[in-house]
Colleague: 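First, the structure itself, so that you have it in front of you.
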Amino acid sequence: MSTTEQRVAVVTGAARGIGAATAVRLAAEGRAVAVLDLDEAACADTVEKITAAGGRALAVGCDVSDSAQVDSAVARIADALGAPVILVNNAGVLRDNLLFKMSDSDWDTVMNVHLRGAFLMSRACQKHMVDARFGRIVNLSSSSALGNRGQANYAAAKAGMQGLTKTLAKELGKFGITANSVAPGFIATEMTAATAARVGMSFEDFSAAAATQIPVQRVGEPEDVAHAIAFFTGEQAGYVSGQVMYVAGGPLN
Ligand code: NAP
């Protein structure tokens, strides 16, 4: 199917990293993009990249774990850009710790940003998708969904993203809406740089060590993930739904 209408996409956590690369990529594919992150001012660089290339973008400050903020952000996006019918639930945080040291707040923060955030954003945007009889939802999972030492909270949230994705695919398919999940392995961003700092390694050494364990022998770049997300959000991807695509430089056990 082709359309002459400009679809509106929302990318959460789009001030930097995978979210920023995704926002830029979707804009390059002709989408108008709401660049959403905790701090509206932090979205300026991403918006500038899009507009400098001739695209349409809007910076939106919003905590995705806050129901009222999500509802007003989605209403603002619909007013300013048009009905949001493409949603990339990318905002994320880490609060890594071994189980015996993990605090209640470490657990709740990770669950709230990833899972509650994806739930709230999906619920707010689906109304627009149902009305349009078209929608694309992509939820960021992770290779950690398969289990990862020091990440009980994050692994559970990222496995939860896969269950959420499959359920949205089943509930919303009859309205022309697909839901898929992209599960990155090691991607060079501030998130992995923070992990390197936490374990006392330079990012260069940390990335080089990780690359030796990856079949393609390199770590991923945000654009590698943006490419997979662009596929799932494409006009022609309407028969691909409820899937999890690992973007990890090789298969995972
Ligand atoms: P990142 O560089 O840390 O960027 C995450 C962005 O999300 C930040 O701009 C952050 O804003 C924002 N954010 C955090 N909490 C938020 C909230 N409550 N509401 C709105 N925005 C919020 O992370 P990344 O590496 O690009 O990762 C993006 C996604 O991919 C995450 O879901 C992550 O779990 C997933 N992932 C990453 C990797 C990897 O290797 N990098 C691997 C697998 C999966 P602040 O800076 O203000 O906190």
Side-chain angles (χ1 to χ4, degrees), residues 10-25 34-47 59-74 77 87-96 105 108-121 124 138-148 151 153-162 164-165 181-198 203 206-207 210-211 213-214 218-226 228-229 244-249 252:
V10 186
V11 183
T12 72
R16 63 173 199 236
I18 293 168
T22 300
V24 168
R25 172 65 187 262
V35 176
L36 184 152
D37 211 293
L38 268 180
D39 175 15
E40 187 163 319
C43 299
D45 283 356
T46 310
V47 168
V60 181
C62 171
D63 177 348
V64 296
S65 67
D66 182 305
S67 184
Q69 286 190 39
V70 164
D71 288 346
S72 73
V74 170
I77 292 162
L87 170 64
V88 182
N89 285 310
N90 167 82
V93 289
L94 292 180
R95 293 291 183 275
D96 293 356
S105 133
D108 291 343
T109 299
V110 168
M111 289 298 154
N112 284 340
V113 176
H114 295 269
L115 268 183
R116 183 179 158 84
F119 156 63
L120 293 176
M121 286 296 305
V138 180
N139 294 320
L140 269 288
S141 179
S142 167
S143 54
S144 294
L146 303 172
N148 200 24
Q151 292 195 316
N153 49 3
Y154 186 77
K158 290 309 203 186
M161 293 294 262
Q162 298 188 14
L164 174 66
T165 299
S181 194
V182 170
F186 187 120
I187 309 297
T189 67
E190 286 189 34
M191 184 176 272
T192 37
T195 303
R198 195 173 54 80
F203 190 49
F206 189 65
S207 302
Q213 305 303 310
I214 299 169
R218 68 169 177 91
V219 300
E221 297 298 330
E223 290 72 17
D224 291 314
V225 184
I229 294 169
V244 179
M245 186 194 284
Y246 284 87
V247 180
L252 297 163

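We number each residue from 1, following the sequence as shown. When a ligand or atom number is given, it counts from 1 through the structure's own listing order.
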Colleague: Could you go through the salt bridge (charged side-chain N to carboxylate O under 4.0 Å, His left out) check for D108 and R116 one step at a time?
Modeller: CA-CA 10 Å; D108 291 343; R116 183 179 158 84; over 6 Å; no
Colleague: Listed by chain and number, what are the salt bridge (Lys or Arg N to Asp or Glu O under 4.0 Å) partners of R16, not counting sequence neighbours?
Modeller: E190
Colleague: Determine whether the side chains of Q151 and D96 contain a donor N or O and an acceptor N or O closer than 3.5 Å.
Modeller: yes
Colleague: I'd like to check the salt bridge (Lys or Arg N to Asp or Glu O under 4.0 Å) partners of R25; sequence neighbours left out, ordered by chain and number.
Modeller: E29
Colleague: Who passes side-chain hydrogen bond (donor to acceptor under 3.5 Å, both in side chains) against T165, sequence neighbours left out?
Modeller: N139
Colleague: Has D45 got more than 12 heavy atoms of other residues, nucleotides or ligands less than 6.0 Å from its CG?
Modeller: no
Colleague: Considering only N or O atoms, set out every pair between ligand 1 and the protein closer than 3.5 Å, with distances to one decimal place.
Modeller:
residue, atom, partner, partner atom, Å
ligand 1, 2 (O), R16, NE, 3.0
ligand 1, 3 (O), R16, NH2, 2.8
ligand 1, 9 (O), D37, OD1, 3.3
ligand 1, 9 (O), D37, OD2, 2.7
ligand 1, 11 (O), D37, OD1, 2.8
ligand 1, 18 (N), D63, OD1, 2.9
ligand 1, 19 (N), C62, O, 3.4
ligand 1, 19 (N), V64, N, 3.1
ligand 1, 25 (O), T189, OG1, 2.5
ligand 1, 26 (O), I18, N, 2.9
ligand 1, 32 (O), N90, O, 2.8
ligand 1, 32 (O), K158, NZ, 3.0
ligand 1, 34 (O), Y154, OH, 2.5
ligand 1, 34 (O), K158, NZ, 3.3
ligand 1, 36 (N), Y154, OH, 3.4
ligand 1, 40 (O), G185, O, 3.3
ligand 1, 40 (O), I187, N, 2.9
ligand 1, 40 (O), I187, O, 3.3
ligand 1, 41 (N), I187, O, 3.3
ligand 1, 41 (N), T189, OG1, 3.2
ligand 1, 46 (O), R16, NH1, 2.7

